[in-house]
Amino acid sequence: MGATRIDGNACGAAVEAALAERIAALASPPHLAVVIVGNDPASHVYVGAKERACARLGIRSTRIDIAEDADYSEVVSTVKKLNADTDVNGILVQSPLPKGMDEVAITDLIDPSKDVDGFHAQNLGRLVQGDASGLLPCTPAGVMRMLEWANVDLSGKRAVVIGRSRIVGMPQSLLLAQKGADATVTIAHSRTSDMAALCREADVIIAAVGRSNMVMPDWVKPGATVIDVGVNRVDDDSEKGYHLTGDVHPDVGEVAGALSPVPGGVGPMTIAMLMSNTVRATEMQQ
Ligand code: GUN
């Protein structure tokens, strides 16, 4: 690969090292509550990684498992209980919820000061108002931190965000365009015409669409920075029965100037930023 590798493990470790000092200065260690509803295997893997990160940093974590066929009201009452519990500093409800449960309504039920995912309307609203000092969505904030760490200059540059999701694409676009980052941002999505031509104009491509190897080498301007947010399970004949791929074809590494790998790119950064939000929420509460 000719491109510089933007290593999310190394960047995430630097974020965590800086957090350790802030945690030591707190009156009591932060406490994160993670709610997981149902049996989605990928969600269980992610939640396990979040619990391990808490353990590494001395953050207390409580995991609340709710059955796939539980009543929606059980999720509502769990969140309300955690909101009222002054011993809990951060609340995260792992997405996706089982079919028929209203994820946005659950998100907006979380006390905004404990919303370590940064998905509450109040926290996203602050971001739209130009205030990025609060609790920001972890994956997009992690991408911004990686770009800064890799010394990628965004000012006046053309950025294309592929995907317009509530969790990544939309907040990512806001963060790239905010004052101080100053990129010129285009949001591409399933109805975008000639995505390849659009991407070829970009200095920075953030792929967050959930389609294996979609971004091909001939979509990328030589020297561009490419951040791969995709995590796609592709079935194979291995012992595990699958392997993970990104949204970016590996051969893009021959064209791009810098590329974040999957795995080992954005994934560890999302977790590092969740830890960062948990510490920030605790600091604001204490
Ligand atoms: N599912 C995939 N990414 C995320 C995330 O950042 N937060 C939550 N709560 N669920 C997710």
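Keep in mind it's a predicted model, so treat the numbers as computed, not measured. Atoms within a ligand are numbered from 1 in the order they appear, just like the ligands themselves.
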Test item: side-chain donor near acceptor, S155 and D153, under 3.5 Å: no
Donor + acceptor pair across side chains of S61, E51 (<3.5 Å): no
Short N-O contact, D87 and R60, less than 4.0 angstrom: yes
Side chain to side chain donor-acceptor pair (under 3.5 Å) partner of N89, chosen from K114, R280, Q285: Q285
Residues N232 and D247: side-chain donor-acceptor under 3.5 angstrom: yes
Residues lining ligand 1 [heavy-atom distance under 4.0 Å, listed by chain and residue number]: K50, L92, V93, Q94, S95, D117, F119
Flag for T62-H31: side-chain donor and acceptor within less than 3.5 Å: yes
